[in-house]
Structures are given as structure tokens and as C-alpha cells.
Peer 1: 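Next up is a structure, given as C-alpha cells.
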Amino acid sequence: MKAKGPRLEPNLCTYNIVVGALCAAGKVGDALIAYEELKGSGHEPDRFTYQNLILGCCKSYRVDEGMRVFQEMENNCVNADTLTYNTLLDGLMKVRKLTEACRFFEKMISDGVKASCYSNNIIIDGLFRNGRPAAAFVLFSQLKKKGQFIDGITYSIVVSHLCKEGRVFEALGLVKEMEEKGFAVDLITITSLLIGFHKNGNWNSAEKLVRYVRDSVLLPSVLRWKENMEASLKAPQDRGKDYTSLFPHIGRLSDVISLIDPAPENTNEEVDAVSDLENEWSSSPHLDKLAKSFKSSDSSPFFSIRRGQRVQIKGVKSFDNAMLNTYLAIFLSNGKLSEACKLFEIFTSLGSEPVSYTYNSLLSSFVKKGYLNDAWGILQEMGDKKCPADIATFNMIIQGLGKMDKGELATSILDRLVKNGGYLDIVMYNTAIHALGKAGKVDEANKLFQKMTGTGINPDVVTFNTLIEVNSKAGRLEEAYKFLRKMLAAGCMPNHVTDTILDFLEKEMEKVKLQKASFGHNKAEHNADDTG
DNA sequence: CTAGGGTTAG
């Protein structure tokens with residue numbers, strides 16, 4: 001290499017590596033800029049460039065951008081394969097764009113791209129998640145008849161949704177069928193069933209599993225684990241009933257906020273000035289800028305862009321962790337916080353390393369029960385142990401703030417999260433809208449709805465329920481009704497929660513009507529029923 | 001690239 005020669009220009013491979021790495025680090029905005037630079041560099045993006053970018057966009061909920069890249073890919077005559085289609089299909093389903101997803105699926109078929117088991121699984125799961133369980137079942141049984149288009153994961157998906165709807169015996173039937181067809185009944189499926197049983201108050205049904213699942217290698221270990229766990233829980237508890245000393249008490253909100261953004265300083269202007277100076281010499285100005293602004297704190301383990309992965313079963317330790325998470329979820333969903341904490345204590349003292357997932361489960365129920373000091377203590381411990389917080393952790397922070405009537409802080413937390421390279425998903429938006437509305441910031445809540453749709457995420461039934469409720473309770477009946485109409489226009493199926501909320505709304509409207517009547521302003525028309 | 005934790009009422 002000549003030191004004095006012209007700078008080496010990055011080639012396509014270099015660009016692809018950079019784009020891929022930026023996406024993997026969650027810095028999709030930077031990846032998109034690098035992509036723009038690549039297009040201006042005289043190189044043509046290839047299928048690797050496109051696939052990495054599309055995956056990055058979809059994982060960070062920027063599906064509109066993913067679709068835009070896909071469009072450019074087509075315009076550039078690079079053929080999309082099954083993987084690319086699947087990535088976008090999943091993204092569309094996750095942002096609740098069911099219609100677009102179905103259209104895209106049809107395009108996939110008509111373009112002659114073969115749907116794989118992955119594709120079918122994404123569609124079936126997406127139908128369930130988008131409030132179309134009947135359609136999901138129809139597709140499932142059609143594919144089953146055709147054979148060879150579904151796999152064990154398809155069964156696992158359907159079983160899990162059946163359990164969520166409380167239809168555990170139908171789920172059991174499917175598990176039996178699954179095994180007969182030679183698909184392995186894995187820990188994920190068993191976990192869904194265990195949680196399903198327990199939600200239905202059928203704690204002892206776990207043993208019945210052996211009647212349905214005979215060949216599973218895992219089931220005996222699961223049952224043995226459960227037995228040992230129950231025995232340990234019966235042993236006298238060290239702290240009596242008191243679990244509160246498990247985690248440090250910090251209890252100060254400012255500490256929590258500083259956990260999110262430990263070093264609020266930013267030397268962006270300086271960096272900009274430097275890179276501006278060098279722009280004309282650089283073949284890759286944005287990448288130079290990124291390199292200059294790189295700080296080791298960027299890789300701080302406390303904050304993870306990627307969502308905390310579930311424990312995969314590899315060896316005894318990870319089996320313990322997976323089971324620990326499962327049983328924490330079970331205890332916590334039933335409000336058995338004390339048992340959950342004891343279980344946590346037993347396993348950590350035996351040397352199990354809690355992961356983000358484990359902490360999130362505990363955090364969730366501390367927040368739900370209103371033990372916020374302990375919740376902040378968990379965050380503290382996560383920080384101390386360098387256990388990364390992920391989007392679910394942040395969701396619990398927002399929920400906790402809502403609980404302590406500090407919902408107005410939600411906006412600034414979300415801003416910080418995004419500023420640090422994070423992203424907002426549907427659950428996060430829903431939680432924040434609720435927290436803001438509860439804090440009386442209904443305008444801000446409604447604005448967040450606008451922002452959500454503006455970034456390409458469609459609202460779901462929870463979003464609409466929340467907005468209708470929040471606006472009703474604030475006496476903004478017109479607004480509430482507007483959201484109801486939007487919900488129906490969007491083809492979003494109301495659920496039982498909607499019913500409860502609408503009852504409330506109706507009563508409020510009745511009140512207003514009576515008031516108007518008593519003032520003698522009884523107008524003959526009611527504009528709320530008109531379509532808008 | 002898909003499934004198992006985080007969101008809404010009473």
C-alpha cells in the first residue's frame with residue numbers, strides 16, 4: 001500500500017460488510033446513509049446489500065423503508081428470493097399491516113417465488129396477531145391437507161395461540177397430532193402448554209402431558225424439574241415472606257433516568273466540524289464521521305438495541321434458565337410474586353445467570369403490583385451486572401412511570417431511547433399512549449398516535465382501545481368516537497376490552513345528552529353516527 | 001426469515 005497515493009475507495013464488499021454491521025448494531029439510519037453513499041459510488045448494490053438492509057429496517061420497525069428498498073431492488077432488476085419476501089412479510093405483520101402483507105404474499109406467489117414453511121408460519125402467526133384467528137385456522141388446515149408445507153414450528157405457533165385463547169384441550173389434541181406426524185415436541189411448545197394450563201387454573205394438568213406427549217425427550221426432564229422446584233419452594237424461606245431485600249432500593253427516578261442515558265454529553269458539533277473539513281478528501285464522508293464519533297461507550301452492554309434473545313437449550317445450565325423463565329412467567333401471571341422471587345433466589349444462589357429475559361419477567365410483575373422501588377432496584381442490578389436492557393425493559397419503565405403518575409415523563413424517555421439508536425414498537429407505543437393519557441396529557445397521547453402511524457406502524461386493537469378510553473375519561477367524547485370510527489374503518493376487530501370501554505363511553509354520551517336536554521338545547525340530530 | 005417474556009378495562 002502506498003502511503004501517499006489516493007485513498008482506497010471502498011468496494012462493494014466493503015460496503016456490504018459495513019451496511020450489515022450497522023444493521024446488526026441497530027444503527028439502521030446510518031446503514032441507510034451508507035447505502036445512499038454506495039449508490040453514489042459507482043457500485044451497484046447486490047442481493048446481499050438489499051437483504052441486510054431490508055432485515056435491518058424490518059427488525060427496527062421501519063418497514064416502510066424496507067419496502068422502499070425492496071422497490072429499488074426490483075427497479076435494479078435484482079430478484080428477490082424467498083428469504084427477502086419472508087423478511088418483509090414478517091415486518092408487515094409486526095406493524096399490523098395485514099392487508100399489505102396479504103397483497104405482498106400474493107405478489108410473491110405470482111412472481112414465482114416459492115413460499116417456504118417460514119413463509120406459511122409468518123402468515124399464520126400474523127393472522128393470529130392481527131385479530132384473524134379463524135383465517136389462521138383455515139390456512140393451517142388447508143396447508144395440513146396438502147402436506148409438506150408446514151412443520152413443527154407451525155404446530156407450535158397454533159398451539160401457543162390456542163393456549164392464549166384458553167383452548168388448552170384443543171391445543172393438547174394438536175400436540176398429539178404433532179407427535180404422530182413425527183414433529184418434535186420441543187420446550188417452546190411444552191412451555192406454551194404449561195402457561196396455558198396454569199392460566200386456566202389447572203396447575204396439576206402438567207402431569208397429564210405424558211398422556212399426550214410420549215416420545216418427547218424433554219418432557220421427563222421438565223416434570224422432574226417441576227417436582228424439584230416445588231420441593232425447594234416448600235422449604236422454609238430465608239427471608240420469611242419478605243422478598244423486598246432481594247434487590248437494592250434506589251427509589252429515585254433521576255437514577256432510573258440516568259441509567260438510560262449515563263452520559264448525556266454529545267460532541268456532535270465538534271464531529272460535524274471535523275468531518276466537514278475533510279469531506280472533500282474523503283470518498284466516504286459518512287463512514288468517516290461514524291468512525292470519528294465512535295466511542296467505546298457505544299458498545300455499553302447496558303443498553304441493547306436487539307431485543308433480548310430467549311434462552312436456547314444447550315446443556316443443563318441453559319435448560320435451567322429456560323425453565324426458570326417459564327416458571328417465573330407462570331407465577332407472575334398469577335400474582336405469585338413471593339414464589340417467583342424465591343425461585344429466582346434459589347437459582348441465582350445455585351449459580352444460574354439471570355438474563356435480560358429473566359429480569360424483565362420479574363420487573364413486569366413488580367411494576368404491575370406497584371412495587372416501584374423494587375422495580376427500580378431490578379434496573380439497578382441489571383446495570384450492575386451489565387445485563388443489557390432491551391425494548392421490553394424500557395416498556396416496563398414507561399409502565400412504571402404511568403403507575404406512579406409520572407406518565408408525562410414518557411415522552412422524554414422515548415426520545416432518549418430513539419436518540420440512543422433504539423426503536424419503538426407497537427407495545428411500546430401502546431404503553432406510552434396509555435401512560436400519557438393517564439397523566440392527563442391527552443393531547444400528547446393523541447400526538448403519539450400520529451407519530452406512530454407516521455412512522456409506518458398501524459395501530460392495533462390495544463392502541464384503539466387505549467385511545468378511546470383515555471379520551472372518554474378526559475371527557476373528549478368526540479375524539480373518543482373518532483377513534484372508534486377509525487378502528488372500524490381500519491378493519492380492526494374490537495374485543496371484550498373494547499366492549500367495556502364502549503359501555504363507559506356510551507354512559508358519558510348519555511350524560512351529555514341529558515345535560516343538553518335539561519338546558520333546552522335539545523337538537524334533533526346526533527352527528528356522532530355520521531361517517532367521517 | 002417464523003413460535004415461548006413486555007401493552008388496553010373492571
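Proteins come first, then strands; the chains are lettered A, B, ... in the order of their sequence lines, and each starts at number 1.
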Peer 1: At less than 4.0 Å, is any side-chain N or O atom of K199(A) found next to OP1 or OP2 of dG4(B)? Yes or no.
Peer 2: no
Peer 1: Rounded to whole angstrom units, what separation is found between the CG atom of L502(A) and the P atom of dG10(B)?
Peer 2: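 Whole-Å distance recorded here is 12 Å.
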Peer 1: What is the distance from CG of L127(A) to C1' of dA3(B), rounded to the nearest Å?
Peer 2: 15 Å
Peer 1: For dT8(B), does either OP1 or OP2 sit under 4.0 Å from a side-chain N or O belonging to K473(A)?
Peer 2: no
Peer 1: ring-ring contact (aromatic ring centres under 6.0 Å, His included) between F128(A) and F137(A): does it pass, once the steps are laid out?
Peer 2: CA-CA 9 Å; F128(A) 276 118; F137(A) 276 117; 5.4 Å; yes
Peer 1: Does the ring of F464(A) carry K486(A) above it, NZ/CZ under 6.0 angstrom from centre and within 45° of its axis?
Peer 2: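 Judged by the rule (NZ or CZ under 6.0 Å from the ring centre, within 45° of its axis), K486(A) is not positioned above F464(A).
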Peer 1: So how far is it from Y359(A) OH to D390(A) CG, rounded to the nearest 0.5 Å?
Peer 2: 13.5 Å
Peer 1: For L55(A), report the nucleic acid contact type (base, sugar-phosphate, nothing); a contact means any heavy atom under 4.0 Å.
Peer 2: sugar-phosphate
Peer 1: Is the backbone of G126(A) close enough, under 3.5 Å, to the side chain of N130(A) for a donor and an acceptor to pair up by distance?
Peer 2: yes
Peer 1: Report the residues that fulfil side-chain hydrogen bond (donor to acceptor under 3.5 Å, both in side chains) with T498(A), sequence neighbours left out, ordered by chain and then residue number.
Peer 2: N465(A), N495(A)
Peer 1: Heavy atoms only, 4.0 Å cut-off, all strands: where does H496(A) land among base, sugar-phosphate and nothing?
Peer 2: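 It contacts base atoms.
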Peer 1: Name the closest nucleotide to the Q399(A) side chain, picking from dT8(B), dT2(B), dA3(B).
Peer 2: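 Of the options given, the side chain of Q399(A) lies nearest dT8(B).
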Peer 1: Please tell me which of the listed nucleotides, dC1(B), dG5(B), dA3(B), lies nearest to the side chain of N86(A)?
Peer 2: dC1(B)
Peer 1: Check every atom of dG6(B), dA3(B), dG4(B) against the side chain of K94(A) and return the nucleotide holding the closest atom.
Peer 2: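 Ranking dG6(B), dA3(B), dG4(B) by closest atom to the K94(A) side chain puts dA3(B) first.
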Peer 1: At under 4.0 Å between heavy atoms, what does I122(A) touch on the DNA or RNA strands: base, sugar-phosphate, or nothing?
Peer 2: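 Touches sugar-phosphate only.
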Peer 1: Considering every strand and a 4.0 Å limit on heavy-atom distances, what is the contact class for L83(A): base, sugar-phosphate, or nothing?
Peer 2: base
Peer 1: With respect to the side chain of E469(A), which nucleotide from dG4(B), dT8(B), dT2(B) is positioned closest?
Peer 2: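 In terms of side-chain proximity for E469(A), the closest of dG4(B), dT8(B), dT2(B) is dT8(B).
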Peer 1: Assign Q51(A) to base, sugar-phosphate, or nothing according to its heavy-atom contacts below 4.0 angstrom with the strands shown.
Peer 2: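 No contact at all - Q51(A) keeps every heavy atom at 4.0 Å or more from the nucleic acid.
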Peer 1: Describe the nucleic acid contact of I157(A) in one word from base, sugar-phosphate, nothing, applying a heavy-atom distance below 4.0 Å.
Peer 2: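 Here I157(A) touches the backbone only, sparing every base.
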Peer 1: Which nucleotide, dT7(B), dC1(B), dG5(B), lies nearest any side-chain atom of Y118(A)?
Peer 2: dC1(B)
Peer 1: At 4.0 Å (heavy atoms only), tell me whether N325(A) reaches a base, stays on the sugar-phosphate, or touches nothing.
Peer 2: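 It contacts nothing in the nucleic acid.
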Peer 1: Just call it for T87(A): base, sugar-phosphate, or nothing, with non-hydrogen atoms closer than 4.0 Å on any strand.
Peer 2: sugar-phosphate
Peer 1: Looking for any heavy atom pair under 4.0 Å, which part of the strands does D151(A) touch: base, sugar-phosphate only, or nothing?
Peer 2: nothing
Peer 1: Categorize S156(A) for me: base, sugar-phosphate, or nothing, with a 4.0 angstrom heavy-atom threshold over every strand shown.
Peer 2: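 Here S156(A) touches the bases of the nucleic acid.
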Peer 1: Please tell me which of the listed nucleotides, dG10(B), dG4(B), dG6(B), lies nearest to the side chain of K164(A)?
Peer 2: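 The closest nucleotide is dG4(B).
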Peer 1: In whole Å, I'd like the distance from the CG atom of L362(A) to the C1' atom of dG6(B).
Peer 2: 13 Å
Peer 1: Donor-acceptor check, side chain of E179(A) to backbone of D215(A), threshold 3.5 angstrom: yes or no?
Peer 2: yes
Peer 1: Between K59(A) and dC1(B), does any side-chain N or O lie under 4.0 Å from OP1 or OP2?
Peer 2: no
Peer 1: Consider the side chain of S160(A), meaning its heavy atoms from C-beta on, and name the nucleotide among dG6(B), dG4(B), dA9(B) that approaches it most closely.
Peer 2: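 When the side chain of S160(A) is considered, dG4(B) is the closest of dG6(B), dG4(B), dA9(B).
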Peer 1: Whether the side chain of D186(A) and the base of dG4(B) hold a donor-acceptor pair under 3.5 Å is what I'd like checked.
Peer 2: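 Result: no qualifying N/O pair found.
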Peer 1: What is the distance from CD1 of I391(A) to C1' of dT7(B), rounded to the nearest Å?
Peer 2: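 I391(A) atom CD1 is separated from dT7(B) atom C1' by 11 Å.
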Peer 1: Looking for any heavy atom pair under 4.0 Å, which part of the strands does T500(A) touch: base, sugar-phosphate only, or nothing?
Peer 2: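 T500(A): base contact, heavy atoms under 4.0 Å.
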Peer 1: Using atom CZ of R307(A) as one end and atom P of dG5(B) as the other, report the distance to the nearest whole Å.
Peer 2: 10 Å
Peer 1: Taking the basic N atoms (NZ, or NE/NH1/NH2) and the acidic carboxylate oxygens, is any pair closer than 4.0 Å for E508(A) and K511(A)?
Peer 2: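 Salt bridge: yes.
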Peer 1: For K438(A), report the nucleic acid contact type (base, sugar-phosphate, nothing); a contact means any heavy atom under 4.0 Å.
Peer 2: nothing
